[in-house]
Amino acid sequence: MVALPRRVAGLLCCAVLTVGFASACGGDDLPPRPPSTADEAPEPAERCGSAPADDVAKVVLTTSDGVELAAARFGGGPRGLVLVHQLGSDLCGWFPHARRWAGEGYHVLAFDQRCDGLSECGGPEPATDVTAAVAELRRAGATTVQLVGASRGAAIALVAAGHSETEADAVVSLSAHDPRFVAAATAPATPADAAPAIKIPVLFACATEDRSAFCGDRDQDFLASVAATDKKLVELDDSSLHGWDMLGAIESDVDTFLAAHAG
């Protein structure tokens with residue numbers, strides 16, 4: 001005899017009993033959801049091999065499509081930053097930068113993208129992860145929230161910036177890797193599609209010798225199609241620095257941009 005799942009068996013039981021006895025059928029309640037890897041993640045400093053600090057806290061985000069994401073909050077206050085990591089990494093790659101920005105008065109949230117690090121997997125909607133992170137910072141008291149994305153994370157941040165529900169105030173793109181990368185289930189889905197919908201300030205940074213990012217004529221064409229009037233291009237000539245590795249070379253440009261749009 002084939003055993004039926006508990007919920008299915010309960011429904012079949014109720015289907016064959018008379019109305020008077022239907023209340024005797026049980027088993028329709030689903031079991032509670034087990035803890036996710038995001039719930040069970042170690043404290044951020046522990047998992048990222050950093051010294052413990054009072055200004056760094058574990059956070060679990062839940063996206064609009066029900067995916068739980070492991071995240072870390074650094075600092076506090078009204079000036080928010082959401083950090084979107086690059087391919088093959090997780091929130092730990094942002095740790096030194098996040099702590100520096102928190103020390104400069106920013107309220108920073110870094111997270112593992114879906115299917116990365118200790119976050120759950122879900123559908124092909126990584127821009128939704130960014131929207132959830134922005135909402136969490138605003139819930140926690142941030143009055144402005146800027147996005148900082150690296151490589152694939154930069155492409156995702158640009159798509160998220162093109163969706164009004166993200167409620168971001170500015171976006172920094174470090175080596176956006178492909179203008180055709182699909183990051184959302186609804187339009188605009190790619191950075192190229194999102195450009196005409198991006199009305200917030202943009203800093204677009206790339207290195208001219210970086211073959212993993214779009215730079216040169218392609219980035220200028222992209223920026224030309226961005227709807228925002230406040231947009232800045234930073235190109236590192238004769239350099240192949242990629243993603244967050246660019247920050248050491250363009251730190252002053254990024255910090256000036258962030259300060260100008262922090263509110």
Side-chain angles (χ1 to χ4, degrees), residues 55 73-86 94-111 127 130-131 133-151 153-176 191 194-207 213-215 219-237 239 241-263:
D55 65 343
R73 186 198 317 280
F74 303 75
R79 304 193 306 160
L81 298 179
V82 166
L83 310 183
V84 193
H85 68 75
Q86 55 199 53
W94 284 117
F95 219 89
H97 309 292
R99 296 191 83 161
R100 179 178 72 83
W101 280 320
E104 294 171 359
Y106 288 99
H107 188 171
V108 184
L109 187 68
F111 64 92
V130 178
T131 304
V134 172
E136 170 60 22
L137 272 186
R138 291 197 180 278
R139 185 201 64 76
T143 55
T144 62
V145 180
Q146 302 181 72
L147 313 178
V148 183
S151 189
I156 293 169
L158 290 169
V159 173
H163 287 257
S164 59
E165 62 268 26
T166 303
E167 297 186 3
D169 295 286
V171 57
V172 174
S173 168
L174 305 172
S175 309
I198 298 175
K199 300 182 171 80
I200 60 176
V202 177
L203 186 153
F204 191 96
C206 62
F214 61 100
C215 203
D219 65 30
Q220 293 172 30
D221 289 344
F222 170 80
L223 270 186
S225 63
V226 168
T229 56
D230 185 348
K231 44 192 175 183
K232 179 177 177 60
L233 174 63
V234 178
E235 288 185 346
L236 287 178
D237 292 328
S239 171
L241 288 173
H242 183 75
W244 46 45
D245 291 336
M246 297 184 69
L247 283 170
I250 62 169
E251 185 176 289
S252 61
D253 294 288
V254 173
D255 287 352
T256 298
F257 179 87
L258 294 177
H261 303 99

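Counting from 1, the numbers follow the sequence of the chain as shown.
- For His97, there are no ring-ring contact (aromatic ring centres under 6.0 Å, His included) partners two or more places apart in sequence or in a different chain.
- Across all their heavy atoms, Ala194 and Val159 have their closest contact at CB-CA, 3.9 Å.
- Two residues are said to be in side-chain contact when any heavy atoms from C-beta on lie closer than 4.5 Å; Leu258 and Gln146 meet this criterion.
- Between the SG atom of Cys206 and the CG atom of Leu236 there is a distance of 8.0 Å, given to the nearest 0.5 Å.
- Closest non-hydrogen pair, Gly75 versus Ala102, comes out as N-CB, 3.9 Å.
- Remark: of the listed residues Leu247, Val172, Val82, Val172 is the sole one forming a side-chain contact (heavy atoms from CB on, under 4.5 Å) with Val148.
- By the salt bridge (Lys or Arg N to Asp or Glu O under 4.0 Å) test, Asp169 is found to be paired with Arg138, residues two or more places apart in sequence or in another chain being considered.
- Side-chain contact between Lys232 and Asp253: present, with at least one pair of heavy atoms (C-beta onward) separated by less than 4.5 Å.
- Nearest heavy-atom pair across His107 and Gly77 is ND1-O, 2.9 Å.
- Note: Phe74 CZ to Phe95 CZ = 4.0 Å, rounded to the nearest 0.5 Å.
- Rounding to the nearest 0.5 angstrom, the gap separating the CD1 atom in Ile198 from the CG atom in Leu158 is 5.0 Å.
- Remark: Asp255 engages Arg100 in a salt bridge (Lys or Arg N to Asp or Glu O under 4.0 Å) (not counting sequence neighbours).
- Applying the ring-ring contact (aromatic ring centres under 6.0 Å, His included) rule to Phe222 yields the partners Phe204, Phe214; only residues at least two apart in sequence or on another chain are considered.
- Counting all heavy atoms, side chain and backbone alike, Ala154 lies closest to Ser175 at CB-C, 4.4 Å.
- In terms of heavy-atom proximity, Val84 sits nearest to Ala157 at CG2-CB, 4.3 Å.
- Side chain of Thr144 to backbone of Ala262: a donor-acceptor contact under 3.5 angstrom is found.
- No donor-acceptor distance shorter than 3.5 angstrom exists from the side chain of Glu235 to the backbone of Cys215, with no hydrogens or angles considered.
- Applying the salt bridge (Lys or Arg N to Asp or Glu O under 4.0 Å) test to Arg73 and every residue at least two apart in sequence or in another chain returns Glu136.
- When every heavy atom of Ala207 is checked against every heavy atom of Met246, the shortest pair comes out as N-CE, 4.1 Å.
- Here salt bridge (Lys or Arg N to Asp or Glu O under 4.0 Å) pairs that include residues 220-231, with residues two or more places apart or in two chains, number zero.
- The aromatic rings of Trp101 and Trp94 sit tilted, their planes meeting at an angle between 30° and 60°.
- Between atom CD1 of residue Ile200 and atom OG of residue Ser164 there is a gap of 11.0 Å, rounded to the nearest 0.5 Å.
- A distance of 11.0 Å separates CG of Leu147 from CG of Leu109, quoted to the nearest 0.5 Å.
- A side-chain donor from one of Thr131 and Thr166 sits under 3.5 Å from a side-chain acceptor of the other.
- Here the straight-line distance linking atom CD1 of Ile250 with atom CG of Leu241 works out to 9.0 Å at 0.5 Å rounding.
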